[in-house]
Amino acid sequence: MTTRHTVPPDGGRPAGPAAQGAGARPHAPASGGAEAGPHAPVPHPLAGIGDEAAPSLDGQLAAVRALGWHAVELRSLDGVALADVPAADIRRAARRLAGAGIRVVALASRIGNWSRPVTGDLALDLDELRVLEAYAALLDCPRVRVMSYPNDGLPQDEWGSRVIERLGLLTGRAEAAGLTLLHENCSGWAGSDAGRALRLLTEVNSPALRVLFDTGNGVPHGYRAADLLGPLLPYVAHVHVKDAVRGPDGTTAYVLPGDGEAEVEHCLRTLLAAGYTGPLSLEPHLALRPHEGLLRPGEDAADLFVRAGRRLEELLAGLTAGTGPGGLLEHAASRPGRTP
């Protein structure tokens with residue numbers, strides 16, 4: 001699938017009506033501390049997948065700190081997938097993160113992703129999980145992003161059965177290690193269908209398997225993300241924020257949050273109304289996507305990352321600031337166990 005990256009030169013946002021709200025459902029995500037930066041006084045840790053801003057850890061931290069944020073999601077360092085980074089380098093990264101006052105909210109793995117079909121060698125994923133178990137301890141982050149395996153010519157029923165079997169085994173090992181697997185609505189059997197995702201969660205039946213909801217993945221994959229979010233709200237423990245538009249020729253262009261067709265504001269409103277307080281992790285796809293080998297020469301990835309982060313803050317401020325009695329922020333804070 002061809003992708004493009006479209007950002008107004010000044011980061012401006014087209015005029016238009018705000019997305020309409022959605023009803024709340026009972027929800028129990030993993031809680032997150034109120035560590036948003038000074039530009040976004042909301043009860044969520046604002047974070048970003050750092051390698052979308054820069055390959056090096058220093059560059060990733062610089063982009064996060066430019067936003068005044070205190071959290072990052074790690075996927076690769078210096079172009080190397082996290083599980084392939086030597087342990088000594090992870091230990092150095094952990095010290096660097098601690099010294100910078102930046103915490104890690106998730107480890108983005110390749111388990112079950114677009115490069116690993118359901119007929120592939122499961123040992124690759126078991127080995128990656130074993131490595132990330134050790135790295136999770138070093139980085140003080142027990143959350144690992146996974147997907148649910150693209151098909152490789154199997155009948156639909158067999159595909160689903162194999163996915164559930166694999167993720168059941170991986171989840172069991174994760175639970176024993178004190179980790180939580182976060183299944184993303186991306187590539188794989190349960191990536192774009194709420195019914196399949198609910199079946200996966202129900203049959204695996206473990207608190208160590210939860211949902212990572214990505215606001216923008218519905219655009220390239222051909223579904224409305226907001227429709228997927230509703231049934232999965234009780235299981236959402238992590239959120240990726242991106243936006244995109246689909247061209248008539250099937251190409252996808254990634255844009256600043258709120259400028260595209262992903263209904264980012266609608267999804268954020270739904271999450272807040274449901275009392276979600278977990279991480280909001282920026283994955284803008286605007287210039288640098290190392291997990292797909294995409295680097296746009298001449299583009300300032302860090303600048304685009306920061307502009308996308310500012311836009312996310314603006315969207316959240318519009319949803320939470322000045323709401324008054326009964327508003328979204330107060331409504332979320334009033335729920336048992338919620339910390340504004």
Side-chain angles (χ1 to χ4, degrees), residues 30 47 49-52 55-57 60 72-94 97 103-152 159 162-191 197 200-201 204 206-212 214 217 237-238 240 279 281 283 289-294:
I49 300 182
D51 62 12
E52 299 233 347
S56 71
L57 180 61
Q60 295 181 32
V72 68
E73 181 170 341
L74 294 180
R75 181 170 59 197
S76 68
L77 295 176
D78 295 314
V80 179
L82 198 64
D84 294 341
V85 176
D89 291 345
I90 294 294
R91 284 190 286 270
R92 282 191 288 270
L97 287 156
R103 71 185 181 93
V104 181
V105 294
L107 310 178
S109 81
R110 297 163 293 182
I111 294 171
N113 81 353
W114 46 270
S115 68
R116 296 185 179 177
V118 71
T119 54
D121 187 358
L122 179 60
L124 290 174
D125 290 335
L126 292 170
D127 287 345
E128 182 152 348
L129 183 61
R130 176 183 51 79
V131 171
L132 291 180
E133 176 186 344
Y135 290 1
L138 291 172
L139 296 164
D140 193 23
C141 176
R143 295 171 159 213
V144 177
R145 188 279 306 274
V146 302
M147 297 181 194
S148 54
Y149 298 96
N151 200 0
D152 189 24
W159 180 23
R162 288 202 190 187
V163 167
I164 292 169
E165 180 180 9
R166 284 181 173 223
L167 283 174
L169 175 61
L170 289 158
T171 300
R173 297 199 176 190
E175 185 171 2
L179 303 180
T180 298
L181 302 185
L182 303 169
H183 173 259
E184 182 175 354
N185 55 307
C186 191
S187 299
W189 177 76
L200 173 65
L201 291 159
V204 172
S206 168
L209 180 63
R210 285 295 177 259
V211 168
L212 187 164
D214 187 299
N217 281 345
H238 194 85
H240 282 171
S281 188
E283 188 189 18
R289 282 189 288 155
H291 66 303
E292 295 182 12
L294 176 66

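Counting from 1, the numbers follow the sequence of the chain as shown.
- Ion pairing between Glu52 and Arg75 holds under the 4.0 Å rule for side-chain N and carboxylate O.
- Shown here for Asp214 and Glu283, the closest heavy-atom pair between the two residues is OD2-OE1, 3.1 Å.
- For the residue pair Asp78/Ser56, the side-chain donor-acceptor check at 3.5 Å is not satisfied.
- Within the 3.5 Å criterion, the main-chain N or O of Val85 finds a donor-acceptor partner in the side chain of Tyr135.
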Task: Step-by-step side chain to side chain contact (heavy atoms under 4.5 Å, CB included) determination, Val211 to Leu182 - done: CA-CA 5 Å; Val211 168; Leu182 303 169; over 6 Å; no
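- Two residues are said to be in side-chain contact when any heavy atoms from C-beta on lie closer than 4.5 Å; Ile111 and Leu170 meet this criterion.
- Counting non-hydrogen atoms of other residues, nucleotides and ligands closer than 6.0 Å to CG of Asp89 gives a total above 12.
- Listed by chain and number, the residues in a salt bridge (charged side-chain N to carboxylate O under 4.0 Å, His left out) with Glu184 are Arg145 (sequence neighbours excluded).
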Open item on the list: Pair Trp159, Thr119 - check side chain to side chain contact (heavy atoms under 4.5 Å, CB included), show working.
Closed with: CA-CA 9 Å; Trp159 180 23; Thr119 54; over 6 Å; no
Task: Chi angles and distances behind the side chain to side chain contact (heavy atoms under 4.5 Å, CB included) call for Ser281, Ile49 - done: CA-CA 7 Å; Ser281 188; Ile49 300 182; 4.0 Å; yes
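- Scanning both residues, Leu74 and Leu97, for their nearest heavy atoms gives CD1-CD1, 4.2 Å.
- In plain terms, the two heavy atoms of Cys186 and Asn217 that are nearest each other are CB-ND2, 3.5 Å.
- Rounded to the nearest 0.5 angstrom, Ile90 CD1 and Leu132 CG are separated by 8.5 Å.
- Two residues are said to be in side-chain contact when any heavy atoms from C-beta on lie closer than 4.5 Å; Leu82 and Val131 fail this criterion.
- Heavy atoms only, all atoms of each residue included: Gln60 and Ser76 are closest at NE2-O, 3.1 Å.
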Open item on the list: Does Val72 form a side chain to side chain contact (heavy atoms under 4.5 Å, CB included) with Val104? I'd like the steps, not just the answer.
Closed with: CA-CA 5 Å; Val72 68; Val104 181; 4.2 Å; yes
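- Using a 4.0 Å cut-off between a side-chain N of Lys or Arg and a carboxylate O of Asp or Glu, Arg116 and Asp125 qualify as a salt bridge.
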